[in-house]
Undergrad: 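Would you mind keeping the following structure in view while I ask a few things?
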Amino acid sequence: MGDPARKAALYDAFARTGKALSSGKRLELLDLLAQGERPVDALAKAAGLNLTTASAHLQTLKQAGLVATRRDGVRIHYRLAGDDVAALYALLRQVAQTHQAGVEPARTAYLGTDEADEVDREELLARAEAGEVVVLDVRPAEEYAAGHIPGALSIPVEELAERIAELPTDAEVVAYCRGAYCVLAYDAVRLLHAHGRKALRLTDGMLEWRLAELPVDSVAAA
């Protein structure tokens with residue numbers, strides 16, 4: 001029948017991963033790390049945390065084996081421990097969306113309801129290959145550098161209003177950001193529409209693009 005104490009120890013080991021995922025801020029940090037490696041201070045700023053709180057959350061994720069680190073001088077850089085961690089995070093969101101009634105109203109309140117302005121990955125690939133659309137990455141520049149859809153232009157959403165003239169006036173734009181629950185592409189499409197531009201949004205983003213093992217380009221460090 002097996003040793004009950006050893007069985008309990010095994011399930012407690014599984015539970016440590018669940019406990020590490022039981023914080024919204026830790027999930028947000030995983031979402032950021034799915035875009036690429038970052039130092040602690042950059043993660044803290046992006047997640048709206050002070051350095052001490054961000055470091056504590058990251059240590060919890062590290063102790064659960066979900067993130068790994070490297071040292072560069074006095075700076076500690078974090079990254080996901082593997083692609084399986086990104087897949088786990090994506091699956092957690094999907095399960096919550098399917099089975100938890102509170103997710104959909106929260107998603108709509110945060111992102112909005114303009115699903116009609118979407119294009120999926122397969123259609124984007126076909127239309128980009130045919131030269132029918134301009135692909136626009138509206139994430140921060142460091143995330144674009146870490147990995148982006150081949151051929152995509154980089155204009156962070158907070159710069160888009162001032163740099164909109166860099167986009168061809170006669171082309172339809174497809175904007176994307178971090179993933180299916182990232183608001184940046186929603187904001188970009190609304191801004192483009194307000195300026196009379198034709199724009200769509202990728203249904204998901206870079207997280208799902210990587211998990212689908214589609215081509216990714218990066219910018220070499222200077």
Side-chain angles (χ1 to χ4, degrees), residues 28-29 31-39 41-49 86 90 93 104 106-212 214-222:
E28 187 175 350
L29 290 168
D31 188 55
L32 292 166
L33 288 170
Q35 308 303 308
E37 182 184 76
R38 289 198 191 187
D41 54 342
L43 286 166
K45 181 179 179 181
L49 297 169
R93 298 185 320 180
E104 182 57 28
R107 188 198 73 83
T108 300
Y110 179 52
L111 299 176
T113 58
D114 51 347
E115 286 86 355
D117 299 320
E118 291 183 339
V119 59
D120 62 23
R121 292 189 299 270
E122 291 73 18
E123 185 177 352
L124 175 59
L125 281 167
R127 296 185 65 185
E129 185 176 339
E132 297 175 358
V133 296
V134 172
V135 183
L136 178 63
D137 187 316
V138 296
R139 299 172 298 157
E142 63 269 22
E143 296 181 18
Y144 174 87
H148 56 267
I149 295 174
L153 301 178
S154 173
I155 304 181
V157 69
E158 66 271 16
E159 302 175 13
L160 185 55
E162 295 180 355
R163 297 176 57 188
I164 197 168
E166 296 177 27
L167 298 171
T169 58
D170 58 347
E172 188 165 52
V173 175
V174 176
Y176 74 91
C177 52
R178 292 167 180 150
Y181 299 87
C182 175
V183 75
L184 305 180
Y186 284 77
D187 289 344
V189 168
R190 292 176 189 127
L191 188 150
L192 290 165
H193 285 169
H195 284 76
R197 299 299 188 95
K198 295 181 291 184
L200 300 171
R201 184 185 64 256
L202 183 61
T203 51
D204 39 49
M206 204 62 214
L207 168 64
E208 295 85 359
W209 189 274
R210 287 181 183 274
L211 290 174
L214 293 170
V216 174
D217 280 352
S218 59
V219 178

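Because the structure is a prediction, the values reported are computed rather than measured.
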Undergrad: Looking at every heavy atom in both C177 and V138, which two are closest together, and how far apart are they?
TA: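 What the structure gives for the nearest pair is CB-CG2, 4.1 Å.
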Undergrad: Between E208 and A180 (side chain of the first, backbone of the second, donor and acceptor by atom type, cut-off under 3.5 Å), is there such a pair?
TA: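 Answer holds: yes.
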Undergrad: Using the test side-chain contact (heavy atoms from CB on, under 4.5 Å), find all partners of P168 that sit at least two apart in sequence or belong to another chain.
TA: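 With sequence neighbours excluded, P168 shows a side-chain contact (heavy atoms from CB on, under 4.5 Å) to V134, D170, A171, given in chain and number order.
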Undergrad: Do side-chain atoms of W209 reach the backbone of P215 as a donor and acceptor pair under 3.5 angstrom?
TA: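 Looks like yes, one N/O pair under 3.5 Å.
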Undergrad: Between CD of E166 and OG of S154, what distance do you get to the nearest 0.5 Å?
TA: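 Atom-to-atom, E166:CD and S154:OG are 9.5 Å apart.
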Undergrad: What do the steps show when you test L192 against L160 for side-chain contact (heavy atoms from CB on, under 4.5 Å), and what is the final call?
TA: CA-CA 9 Å; L192 290 165; L160 185 55; 4.1 Å; yes
Undergrad: Which side-chain N or O atoms in residues 122-129 pair as donor and acceptor under 3.5 Å with protein atoms at least two apart or in another chain?
TA:
residue: R127; atom: NE; partner: E132; partner atom: OE1; Å: 3.4
residue: R127; atom: NH1; partner: E172; partner atom: OE1; Å: 3.3
residue: R127; atom: NH2; partner: E172; partner atom: OE1; Å: 2.5

Undergrad: Please evaluate residues L191 and I164 with respect to the criterion side-chain contact (heavy atoms from CB on, under 4.5 Å), reporting the C-alpha separation (whole Å), side-chain torsions for both, the decisive distance (0.1 Å), and the verdict.
TA: CA-CA 10 Å; L191 188 150; I164 197 168; 4.2 Å; yes
Undergrad: Could you walk me through whether R121 and D204 pass salt bridge (charged side-chain N to carboxylate O under 4.0 Å, His left out), step by step?
TA: CA-CA 8 Å; R121 292 189 299 270; D204 39 49; 2.5 Å; yes
Undergrad: Might you point out which heavy atoms bring R201 and E118 nearest each other, and give the distance in Å?
TA: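 Looking at all heavy atoms of both residues, the shortest contact is NH2-OE2, 2.8 Å.
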Undergrad: Restricting to non-hydrogen atoms, name the atom on L207 and the atom on A86 that form the minimum distance, rounded to 0.1 Å.
TA: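 In this case the closest contact between L207 and A86 is CD1-CB, 3.8 Å.
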Undergrad: Could you grab the distance from atom CG of L184 to atom CG of L111, nearest 0.5 Å is fine?
TA: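 If I round to the nearest 0.5 Å, the distance is 10.0 Å.
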Undergrad: Does any non-hydrogen side-chain atom of L153 lie less than 4.5 Å from one of R163?
TA: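 Contact flag for R163/L153 side chains = no.
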Undergrad: Looking only at heavy atoms, what is the nearest atom pair of D117 and A199, with distance?
TA: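 Reported closest heavy-atom pair: CB-O, 4.5 Å.
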Undergrad: State, to 0.1 Å, how close T203 and D120 come at their nearest heavy-atom pair, and which atoms those are.
TA: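 Closest approach of T203 to D120, heavy atoms only: OG1-CA, 3.7 Å.
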Undergrad: Donor-acceptor check, side chain of Y144 to backbone of A152, threshold 3.5 angstrom: yes or no?
TA: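 Here the side-chain-to-backbone pair exists.
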Undergrad: Within a strict 4.5 Å, meaning less than it, do heavy atoms of the D137 and Y176 side chains meet?
TA: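 Result yes, sub-4.5 Å side-chain heavy-atom pair found.
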Undergrad: Counting only N and O atoms by type, is there a donor-acceptor contact under 3.5 Å from the side chain of H195 to the main-chain atoms of A161?
TA: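 Checked: no pair found.
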Undergrad: Tell me the closest heavy-atom pair linking A47 and L29, and the distance in Å.
TA: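 Here A47 and L29 meet closest at CB-CD2, 4.0 Å.
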Undergrad: Residues in side-chain contact (heavy atoms from CB on, under 4.5 Å) with S218, at least two apart?
TA: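 None.
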Undergrad: Distance check, rounded to the nearest 0.5 Å: Y181 atom OH versus Y110 atom OH?
TA: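 OH of Y110 is found 12.5 Å from OH of Y181.
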Undergrad: Using the side-chain hydrogen bond (donor to acceptor under 3.5 Å, both in side chains) definition, which of the options R210, H148, R178, R139 pairs with Q35?
TA: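 Among R210, H148, R178, R139, the one meeting side-chain hydrogen bond (donor to acceptor under 3.5 Å, both in side chains) with Q35 is R139.
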Undergrad: Tell me, with the steps shown, if I149 and L202 meet side-chain contact (heavy atoms from CB on, under 4.5 Å).
TA: CA-CA 11 Å; I149 295 174; L202 183 61; 4.2 Å; yes
Undergrad: Side chains of V133 and V119: does their closest heavy-atom pair fall under 4.5 Å?
TA: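 With C-beta onward as the side chain, the pair stays apart.
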